[in-house]
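Note sheet for the following structure.
Quick note: numbers below take in every heavy atom, side chains included, and nothing from hydrogens, waters or symmetry partners. In listed order, ligands and their atoms are each counted from 1.
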Amino acid sequence: MVHYKTEEEIDILRENAILVSKTLAEVGKHVAPGVTTKQLDKIAETFIRDNGAVPGFLGYGGFPATLCLSVNDMVVHGIPDGYVLQEGDIISVDCGTVYKGFYGDSAYTFPVGEVDAQTALLLKTTEESLYLGAAQAVDGNRTGDIGHAVQSYCEARGFSVVRELVGHGLGRDMHEDPMVPNYGKPGSGKKLREGMVICIEPMINAGAKEVYEKADGWGIATADGRKSAHFEFAVAVRKGKPEILTTFDYIKKIKEY
Ligand code: MG
Ligand code: MG
């Protein structure tokens, strides 16, 4: 069941989205060789609480941390630990908040120092596909229009789209209807209506699309061990033009990725 939002509720979701955006930038400032994922998690938790909100992932379904931190072949849901970031790694930082009874949820994949050209292309392509998907989030379109925009762009560059995990509605719960796959056919899937707020989150693999679950029951990694990128926006479906609630502007002010 889709929960349509009032303008007042969208205002709160926007506040959450901006706080998540700022948190991602705060974490991004500290992404560097020699830093552990656990240290990054602490930075995010402190920042969110200092801003009067609560980490949205901590305790969600039993998840033990503030951030999902997924390095290299990890697609999503990596648990922060003692892993020390290395030059050439990439790290997906996925962050959630709860503020005024609603959730925030967005993600950005950072390079650690310098990455090779193919990895840089993977990050650029995945981020660009997110904007192309978001552009389809208008009243009257369907979820398949979003998925098709993401899939066709990424596959044309030789990358593959994870099927097992998808975007979702966002509101008083972190995962609401509709599901928003990153693949699909134009004109297929759920119809999008003004008042829907959705998270679009392409998970794009450098190699094959297959993934598996780690022994910890959380982490999802590529079957072939190659790298995977993940970017996520919260978007309000509007008539004519979508409203992207998340912004990566705070991140781009730190460094031109
Ligand atoms: Mg997320
Ligand atoms: Mg999400």
If you look at Glu232, which of its N/O/S atoms is nearest to the Mg ion (ligand 2)? OE2
Asp105: which N/O/S atom is nearest the Mg ion (ligand 2)? OD2
Does the shortest distance from the Mg ion (ligand 2) to an N/O/S atom of Glu201 fall below 2.8 Å?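 Yes, since at least one N, O or S atom of Glu201 sits under 2.8 Å from the Mg ion (ligand 2).
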Whether His168 has an N, O or S atom under 2.8 Å from the Mg ion (ligand 2): yes
Between Glu176 and Lys5, is there a side-chain N and carboxylate O pair less than 4.0 Å apart? yes
Quick one: do Glu45 and Lys38 make a salt bridge, cutoff under 4.0 Å? no
By the side chain to side chain donor-acceptor pair (under 3.5 Å) test, which pairs, at least two apart or in different chains, include something from residues 61-74?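 Residue pairs passing side chain to side chain donor-acceptor pair (under 3.5 Å), neighbours aside: Asn72-Asp89.
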Could you tell me which non-hydrogen atom of Tyr250 sits nearest to which non-hydrogen atom of Lys22, and how far apart they are? OH-CE, 3.4 Å
With carbon and hydrogen excluded and only N/O/S kept, which atom of Asp94 is nearest the Mg ion (ligand 1)?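 Looking at Asp94, the N, O or S atom with the least distance to the Mg ion (ligand 1) is OD1.
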Centroid separation under 6.0 Å, is that true for the rings of Phe233 and Phe231? no
